Structures are given as structure tokens and as C-alpha cells.
**Q** 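Before I ask anything, here is the structure I am working with.
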Amino acid sequence: MRYIDECALKKHKCQQNCTNTIGNYSCSCYHGYKAVGNYTCISDEDDVNKASIVFAIATCAGLGVLLVLAATWWLCKVVKRRKIRKLKEKNFERNGGLLLHQQVSSSEGHVDATLFTSKALEMATDRYSKDRILGQGGQGTVYKGMLTDGRIVAVKKSKIEDESKKEQFINEVVLLSKINHRNIVKLHGYCLETEVPLLVYEFIPNGTLYVYIHDHSEDFPLTWDIRVRLAIEIAGSLFYLHSAASIPIFHRDIKSSNILLDEKYRAKLADFGTSKSIAIDQTHLTTRVQGLKPILAPRAHDEGRSLATHFILTMKENRIFDILDPRIAKEGKREEITTFSNIAYRCLNLNGRKRPTMKQITAELESINLSNRLPNAEEYYVKDLKTYFITRVCIQIYTRSQECIP
Ligand SMILES: Nc1ncnc2c1ncn2[C@@H]1O[C@H](COP(=O)(O)OP(=O)(O)OP(=O)(O)O)[C@@H](O)[C@H]1O
């Protein structure tokens, strides 16, 4: 036990110590001052208690400050998150999200595409690192990425310069998400909450056919057999688009840079931005060729004549074997080459209605019946192969037969 507190009036100590009892009691003070009121007798432990109280107050104050800081930090985070959410919503609307959802819900058939978050795609592409760029086209830049589930994808970051590009983007999502064909690149999904819309495709590892046609790759020489196979695959995919899908789809931008090659060098048709899905009775009105390059690209070394014109003239003069790469002419059977060239020739008829349908083309190409002697594409590691002219014509031109009206 110890002294109780000071006298209430004069700050003099009380005379007597506390008795055993802790509690209220009266005391008188030195110099005749009297204590007023009752005092509380406290134990020795009270010193410790006081220190504890001071400590508790200090802790509380500290915690209070921390709490205020945490609350401010949390508030800032909430505000920032809300801002980001609002921005994402704004981006979603600006990128045509509402229009897309409208189209998807009103369109026929099963739509199979995931709506990715911007975070998932940022992670997948290492924040759109330059090292991940696969290529650049008229519509945007394509990055290689890996999703958290391990899937390797190609992410196309669109350039949205005007409304028409937005429509192209929506068009591609709506059409591609309904298509499932082994020779058409698969669309896994899309993302609209970013500044520009993003499309997520399956990754096709072996680049574009354009590269193999123009750069004479030694890794994968385009032999006659391989070219015919590729032509059959592309024709098959167009036949599917034109007739097997619930509403005919016209690609309208068939060119070798839009044909990708998978791990087994099978053709995969890509880039459906300018494609159209149209009712059959409207096809004659709307199947105009789209895309950046003209369909019948002029050849620089051909004094302004287009590849198609040159080919037609050669066919008319019955000189088709003159323009063949000698090595390919040796590889392919004469009848096969003749059949192939005739198909290409009929596809170049100025009157679109007189051109064969993709169904006919596919059947005729298949009838060339190379399948029994088509080895795996990977086995074709032959050196020094030159580009074979006529097949290039076929691949680049005849596949558009229904699609181009010069
Ligand atoms: N699914 C994919 N897998 C692998 N690479 C791809 C894929 N899609 C596109 N690429 C690569 O990205 C490049 C650019 O593709 P994109 O479709 O944007 O443009 P493009 O077809 O070359 O040009 P444009 O859009 O002007 O017709 C392609 O040339 C190809 O190398």
C-alpha cells in the first residue's frame, strides 16, 4: 500500500497511509488543511498500472495514426479502383462492347469466345513487350502470349483509328467465335476494357504462307505436293465458310499473308476483320474485295501487268509450262498441273457468275488426288527450292474466286 493522492485543495500529502483496504476513505492533510471529500486508496501495483495506462494510451494513439493512414490508403485505393473501373467501362463502351453484345445475342448459332480481363492479357504478353511481337498488319500488332492455364496465344492489339475499324473488330469477333474448322484460326476470346480492343487467337507457330512463297525458306520448301495440299485446305475452309456455316461468310481478303501455317504446316485461314456474313440472295451485291493490297497485285518486273493478267495470257497462248519453275514442273505430273491451271483460269473469269463455286473447286482439287503420296510436310527439308509460279497464282488467286469481282 502507499500514499493516496494529493489533498484535493492544497496539494499536500495526506498524513496517513492507506489501510489495508483499497477503496474510499477520508484523510486530513498537513498544516491543518483538510481533505475534502473521499479519496481512493490505491495499491502499489498502481504505478505499474499507470505506466500501462500511459503505454496503452501511446499504443492507442499510434494505432489511431496507423488506422487513419490505413484508412486514407484504403480510400485512395478505392477511389483509384473506381476510377479504373469507370475507365474500363468507358473503354468497353467506346470499343463497341454494347454493340458487340447486341450482335452476339441477336446472331444465330453458338458463340464461343471468352471475355478476357486486361490484367490477364497484360500478364500473358509480359505487358506487351516488344520481344513478344509476332507481326504487324493493317489492323494492329500481334503479340505472342501465354495464359495462366498454359495456353499459348496470339494477342492482336487493334488500331482503332475510326468507327470502321471498330466495326471490323466487332465483325471479326462475331464471325470467328461461331466458326470451328481445322483450317481456320480459332478465336479464343477478346478484351474490350483496354484503350484499344484486343483479340485472342490460338497461336499458329509457323508464320504466314507469304513468307514461304516469297522468301524461299529452306526449312519448309513449297514443293508441288505441299502447294496442292495447302490449296485443298484453303479451298476447303472457304467452302465451309461459304456453305457450311449457318449464314454464308465471305472472307474478302484472301491472300498469302492471311494464311498461317501450324506446327504440321497445315493452312489456317486468319484475319476476318473485313469478312462479311450475308444472306445468299445478297452475295452478288456485297462480295467486293476488301483489304489493304489489291487482290490482283501487279508484279514489279512485269511492266505493270498483274499476276492474273500475265497468267491468263499465258494460258490463252497455251504456254503455261513456260512459266513454271523447272524443278516444280519436274515434280508435278503434267495432267495435275494442267488441271490445276485450268481451275485457276476459270476462277479468273471476269464474270463472277461464271466462276466455279468453292464447292466445285474443292472437289476438283481433291480429285487431283495427291493424298496417297502426300508425306508429312515436315519431311520436306529440301534445299534450294525455287518458288513455283503457277501454284502461287492458284493459292493467291483462285481461292478468292467467289469473292473478287474485279
Ligand atoms: N494466330 C496467330 N498466330 C501466330 N502469328 C500470328 C497470328 N495472327 C497473326 N500473326 C502474325 O501477326 C502478323 C500480323 O497479323 P495481322 O492479321 O494483324 O496482319 P496481316 O494479315 O499481316 O495484315 P492486314 O491486317 O493488313 O491484312 C501476321 O503476319 C502473322 O505473322
Side-chain angles (χ1 to χ4, degrees), residues 112-114 116 121 124-126 128-147 150-162 164-173 175-177 179-191 194 196-215 217 219-220 230 233-234 237-238 250-276 288-297 395-397 399-400 403-404:
D112 181 19
T114 309
F116 286 97
L121 298 185
T125 56
D126 203 5
Y128 304 100
S129 153
K130 276 187 183 166
D131 307 339
R132 300 291 190 97
I133 293 180
L134 289 169
Q136 269 167 325
Q139 278 186 59
T141 310
V142 183
Y143 298 84
K144 186 176 178 181
M146 189 165 98
L147 300 176
R151 271 182 297 172
I152 309 286
V153 289
V155 181
K156 188 191 272 187
K157 202 174 186 181
S158 314
K159 278 187 221 160
I160 292 285
E161 289 147 349
D162 52 41
S164 71
K165 286 267 167 55
K166 188 158 88 183
E167 277 168 24
Q168 280 186 12
F169 164 78
I170 293 169
N171 198 39
E172 183 150 3
V173 175
L175 294 184
L176 260 187
S177 58
I179 294 169
N180 189 6
H181 188 274
R182 64 186 177 283
N183 297 117
I184 298 177
V185 71
K186 182 154 180 46
L187 179 79
H188 287 314
Y190 57 95
C191 173
T194 39
V196 289
L198 303 165
L199 289 167
V200 184
Y201 306 93
E202 62 172 321
F203 172 69
I204 312 293
N206 278 320
T208 68
L209 181 59
Y210 181 93
V211 173
Y212 294 95
I213 287 177
H214 294 92
D215 293 348
S217 160
D219 291 344
F220 179 61
L230 289 172
E233 287 171 354
I234 299 158
S237 67
L238 288 176
F250 292 85
H251 187 282
R252 306 201 304 166
D253 195 17
I254 299 290
K255 58 186 179 189
S256 53
S257 63
N258 281 341
I259 294 160
L260 303 172
L261 299 174
D262 72 5
E263 65 289 348
K264 289 185 172 162
Y265 292 92
R266 285 173 307 213
K268 293 266 187 181
L269 186 56
D271 208 350
F272 280 68
T274 51
S275 312
K276 269 218 161 126
R288 205 162 291 144
V289 175
Q290 300 288 314
L292 286 180
K293 290 178 194 164
I295 176 177
L296 307 176
I395 287 172
Q396 291 197 324
I397 298 167
T399 52
R400 305 162 190 240
E403 314 208 344
C404 63

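Only a predicted model underlies this, so the values are computations on that prediction, with no experimental measurement involved. Just follow the structure's listing: the first ligand is 1, and inside any ligand the first atom is 1. The first residue in the sequence is number 1, and the count goes up from there.
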**Q** Less than 4.0 Å between a side-chain N and a carboxylate O, is that true for K156 and D271?
**A** yes

**Q** When you look for heavy atoms under 4.0 Å from ligand 1, do you find them on the side chain of K144, its backbone, both, or neither?
**A** neither

**Q** Using a 4.0 Å cutoff against the non-hydrogen atoms of A154, which atoms of ligand 1 qualify?
**A** 1 (N), 2 (C), 3 (N), 7 (C)

**Q** Determine whether V173 and L199 make a side-chain contact, defined as any pair of heavy atoms from C-beta on separated by less than 4.5 Å.
**A** yes

**Q** Please list, in number order, the atoms of ligand 1 under 4.0 Å from a heavy atom of F203.
**A** 3 (N), 4 (C)

**Q** For residues N258 and D253, report the shortest heavy-atom separation together with the two atoms involved.
**A** ND2-O, 2.8 Å

**Q** Residues two or more places apart in sequence or in another chain: which of them pass ring-ring contact (aromatic ring centres under 6.0 Å, His included) with Y143?
**A** Y128

**Q** Geometry only, no angles: is D271 polar-contacting ligand 1 at N/O separations under 3.5 Å?
**A** yes

**Q** Going through the distances and angles, do K268 and E202 end up as a salt bridge (Lys or Arg N to Asp or Glu O under 4.0 Å)?
**A** CA-CA 10 Å; K268 293 266 187 181; E202 62 172 321; 3.5 Å; yes

**Q** Pick whichever of T141, V200, V142, I204 has a heavy atom sitting closest to atom 9 (C) of ligand 1.
**A** V142

**Q** Report yes or no: does K268 have a heavy atom closer than 4.0 Å to ligand 1?
**A** no

**Q** Could you list which atoms of ligand 1 come closer than 4.0 Å to a heavy atom of E202?
**A** 1 (N), 2 (C), 3 (N)

**Q** What atoms in ligand 1 come closer than 4.0 Å to a heavy atom of K255?
**A** 27 (O)

**Q** Output the list of atoms in ligand 1 that are nearer than 4.0 Å to some heavy atom of V185, sorted by atom number.
**A** 1 (N)

**Q** Judging by distance only, is a nitrogen or oxygen of L260 under 3.5 angstrom from one on ligand 1?
**A** no

**Q** I need the atoms of ligand 1 closer than 4.0 Å to a non-hydrogen atom of Y201, numbered in the order shown.
**A** 1 (N)

**Q** For a quick test of reading the model, state the closest non-hydrogen atom pair linking S158 to V196 and the distance between them.
**A** O-CB, 3.2 Å

**Q** Should you measure from each heavy atom of L134, which atoms of ligand 1 turn up under 4.0 Å away?
**A** 4 (C), 5 (N), 31 (O)

**Q** Quick one: CG on L187 to CD1 on I179, what's the gap to the nearest 0.5 Å?
**A** 9.5 Å

**Q** Quick one: OG1 on T114 to NE2 on H188, what's the gap to the nearest 0.5 Å?
**A** 8.5 Å

